[in-house]
4 protein chains.
Amino acid sequence: MKRTRLPEDPVKKARMQAAALALFASAGYQATKVDAIAAKAQVSKGLIFKYFGNKEQLYLATLRQAYDRLMAIMDETVWQESDDLVAMVTNATRYKISLQLQYPQEFQLLLNGFIHLKQLPASGRQYVEQMMVANQDLTQRLVLPVFAKMTFKPGITATDALTVLNYVTSGYLEKFQQYLLSHPEVTTVAEMEPLLADLTRYLRIVEYGFVAPD
Amino acid sequence: MKRTRLPEDPVKKARMQAAALALFASAGYQATKVDAIAAKAQVSKGLIFKYFGNKEQLYLATLRQAYDRLMAIMDETVWQESDDLVAMVTNATRYKISLQLQYPQEFQLLLNGFIHLKQLPASGRQYVEQMMVANQDLTQRLVLPVFAKMTFKPGITATDALTVLNYVTSGYLEKFQQYLLSHPEVTTVAEMEPLLADLTRYLRIVEYGFVAPD
Amino acid sequence: MKRTRLPEDPVKKARMQAAALALFASAGYQATKVDAIAAKAQVSKGLIFKYFGNKEQLYLATLRQAYDRLMAIMDETVWQESDDLVAMVTNATRYKISLQLQYPQEFQLLLNGFIHLKQLPASGRQYVEQMMVANQDLTQRLVLPVFAKMTFKPGITATDALTVLNYVTSGYLEKFQQYLLSHPEVTTVAEMEPLLADLTRYLRIVEYGFVAPD
Amino acid sequence: MKRTRLPEDPVKKARMQAAALALFASAGYQATKVDAIAAKAQVSKGLIFKYFGNKEQLYLATLRQAYDRLMAIMDETVWQESDDLVAMVTNATRYKISLQLQYPQEFQLLLNGFIHLKQLPASGRQYVEQMMVANQDLTQRLVLPVFAKMTFKPGITATDALTVLNYVTSGYLEKFQQYLLSHPEVTTVAEMEPLLADLTRYLRIVEYGFVAPD
DNA sequence: GATGAATGAGTCTTCATTCAT
DNA sequence: GATGAATGAAGACTCATTCAT
């Protein structure tokens, strides 16, 4: 009862994917050599091509896997819904940060993916765009219910608020990522709590402004 | 004090830099071929290597030039100071946008530089980081005087406000850049005014929050 | 007398040979991949190497088999002898054509074999040459008795006549083969009869010349 | 006054073409390695690609050059026209033979070209077909005027006669080529005269038949 | 014995860099 | 000094052949 048209060795495939992830994430598409991936995966060059077709498809597969892995986890609604917008977004961000600590390579890969794809056929652009959209959707799904209970200043729409919220949280995450790069010793979310306090203040600013009412 | 004989032809050197800027900015480091730069600059390939040593140095030189050019212009305090924070930041952003329209290649190069530098020796990373810091400084120099006249909510510092302000304006500028990429027909700041209205609302949110006072 | 243990499965071996024949004949030596042969034969790649040693040996074996098969059939003296040279040679050719229709792959293989063998060790050249000679012999065996009853023009030997006869029939067969390639719908000798009429005229020219006696 | 978009070194280019001709002719397309051509031409691999683009185009260029070279020479009407068909065709063949002795590689290449092209994109098939047609045309142009003065046997057309003539001369040339391969010491046409006497007899057979009039 | 996953030498091709002119 | 022809190291990819299971 042979069905296998893909009799791939899952162990080796995993090693290849892991090696590809690590190298693509840290060096980008062009600078990563298939030879290097094969060496890191302790696998022959030929096998990589047998499993993935060519370098580009390997990149795309790596991208997709990183995306899928992150999405799978994010989708588990660990996010406690709440009426407190600041607390909720802070929590969500804390969660994202923990993911970033757990899967730094996947994050790095997807972050750069958007840039590197310019140098690739459009075939893979969708993954990254999907990821962007999914991320946006997630925030929206989370935040909109809370917005529904709030009253906006005249002239300000929910979309405006959401946009600003997004700018702030992504800006924050970006700076956070840089912080991690220069502090590789940090590996737990607990160590990051002081920085998360910053975010809380930032979000409160978005909600109520920084200007003291006179 | 040997001046390492270099009676370089400034006209040709400028052509090389311009060609390098255009190509590196639009295609990135790896995808840009030295041949193409030489052709675009109407200069022999050999001369490029004589003037810049190698491709990487040329990239770094191009990066530095783009940075210097932008900084030189930004430093002219065209920025009208004002007491209205929103108006002022909007103005500053409008100014940045006009720069972006005037020097799209320099902007593009520095934007990607951050990513591509990972694939290069750290020797060049400083340019991009300097640029980031300088940018921050500029905003700070501009905004802090206004902050001085404002009263902050308890628990919120000027740094907090500045940070959020930065997040929002850079997030906005990023989206703006993407808009420009997909609308190459847009070439004047005037055409962008509608979009700038968005920013004004965003900034007002930062200042006063989006939540209506009850 | 060690029979080098080879309890080969004749069914599988036949399938391999058939697959090799089909692929080598249509695509040539280099363009035919061992993988493809194994797949077409529904046999593992390893088995091919166990049975035939390497790709080259497989090619040679295929060549030999094609040769043997054709020779075995040609030897059955289906050829009706006759006193009419033209009728006889036309018949023989008709017979060759029917063989060609029955065994197109074997013909194709041997046809190309002559070319491709240059790229292989001389070890296999003999098959093709043998085939050429055998073919010649066959014609000779058939034609010579008829020649014996004929009177040749002064200065013309039986060998001359035989040679010219051979040139004409092989030239004709070659053109015929090309015709078949571009008309794959033709599968019976009956459909070829019109073309065979050409051959009859050609042979009559060889026998009596094309110049009208004055 | 630079115009050169093809500043190719004619000496090196000639060496490359010569090397390519020799190797392609003797080993065929696939079995000939670009490395080998570069080595034989005493030129770097890169230069071959700069001059010819890729291996296939090099093959095509070689094919075309062989074709052009032969055609250029054949077109010089060295062929003395004559009313004696046999003498004329023999002369023409003698001429072809001298060409074959002078340009054995070109002949070999074009001979195999037809076979090897199957494994190449159709882009080059035209050269070989052109060559075939041109060759046919040449014979026709030469022979038809003579035919015009002749009367054909009833039922035999000029086309028939031409076809048989072609079969015989090409069959002869083919055998001749094989003879040359196994007698590399033969280098002048003079040495071939005995064999040419054969052809004369063959052609006379075509003209008047081999059967003695009773 | 049979399998087909795995290997890696070998191939084409690119392009930064050199150097004779 | 300037040129651009020439180089060859390096990279993606193929496929005959091997060998552990």
Give the rounded distance in Å between these two atoms: CD1 of Ile48(B) and C1' of dT18(E). 14 Å

Figure out the NZ/P separation between Lys13(B) and dA2(F), and round it to whole Å. 12 Å

Among all residues two or more places apart in sequence or in another chain, which pass the side-chain contact (heavy atoms from CB on, under 4.5 Å) test with Glu106(C)? Leu21(C), Ala66(C), Arg69(C), Leu70(C), Tyr103(C)

With sequence neighbours left out, write down each residue that passes salt bridge (Lys or Arg N to Asp or Glu O under 4.0 Å) with Lys13(B), or none if nothing qualifies. Glu8(B)

From OG1 (Thr32(A)) to NZ (Lys55(A)), nearest 0.5 Å: 6.5 Å

Could you give the distance from CZ (Arg15(D)) to CD1 (Ile48(D)), rounded to the nearest 0.5 Å? 10.5 Å

Which part of the nucleic acid, if any, lies within contact of Lys50(D), taking any heavy atom under 4.0 Å across all strands shown: a base, the sugar-phosphate backbone alone, or nothing? base

Can you tell me how far C1' of dG4(E) sits from NZ of Lys12(A), to the nearest Å? 12 Å

Checking Lys12(B) now: which residues fulfil salt bridge (Lys or Arg N to Asp or Glu O under 4.0 Å) with it, not counting sequence neighbours? none

Enumerate donor-acceptor pairs with a distance under 3.5 Å from any side-chain N or O in residues 37-44 of chain D to protein atoms, sequence neighbours excluded.
{"from": "Ser44(D)", "atom 1": "OG", "to": "Leu47(D)", "atom 2": "N", "distance (Å)": "3.3"}

Between Phe49(B), Phe24(B), Tyr51(B), Tyr29(B), which is the residue that forms a side chain to side chain contact (heavy atoms under 4.5 Å, CB included) with Leu58(B)? Phe24(B)

Length of the line joining Gln42(B):CD and dA2(F):C1', which is rounded to integer Å: 15 Å

Counting only side-chain heavy atoms from C-beta out, which of dT3(F), dA6(F), dA2(E) sits nearest to Ser44(C)? dA2(E)

Tell me: CG of Leu47(D) to C1' of dG4(F), nearest whole Å? 12 Å

Atom-to-atom span, CG of Leu58(C) to C1' of dT17(F) - whole angstrom: 14 Å

I want to check one thing: is the phosphate of dA5(E), taken as OP1 and OP2, less than 4.0 Å away from some side-chain N or O of Tyr51(A)? no

Given pairs defined as Watson-Crick or G-U wobble with both distances under 3.5 Å, what dot-bracket annotation applies to DNA chain F, with ( ) intrastrand, [ ] crossing, | other strand and . unpaired? .||||||||||||||||||||

Evaluate Arg64(A) against Tyr59(A) for side-chain contact (heavy atoms from CB on, under 4.5 Å), listing each step before the verdict. CA-CA 9 Å; Arg64(A) 171 189 277 279; Tyr59(A) 181 68; over 6 Å; no

Atom pairs, N/O to N/O, protein against nucleotides 10-14 of chain F, distance under 3.5 Å?
{"from": "dA12(F)", "atom 1": "OP1", "to": "Lys55(A)", "atom 2": "NZ", "distance (Å)": "2.9"}
{"from": "dA12(F)", "atom 1": "OP2", "to": "Val34(A)", "atom 2": "N", "distance (Å)": "3.3"}
{"from": "dC13(F)", "atom 1": "OP2", "to": "Lys55(A)", "atom 2": "N", "distance (Å)": "2.9"}
{"from": "dC13(F)", "atom 1": "N4", "to": "Lys45(A)", "atom 2": "NZ", "distance (Å)": "2.6"}

Measure the spacing between CG of Leu63(B) and CD of Glu56(B) and express it to the nearest 0.5 Å. 11.5 Å

To the nearest Å, give me how far apart CE (Met16(B)) and P (dG1(F)) are. 12 Å

Rounded to the nearest angstrom, tell me the gap between atom CZ in Arg15(A) and atom C1' in dT7(E). 14 Å

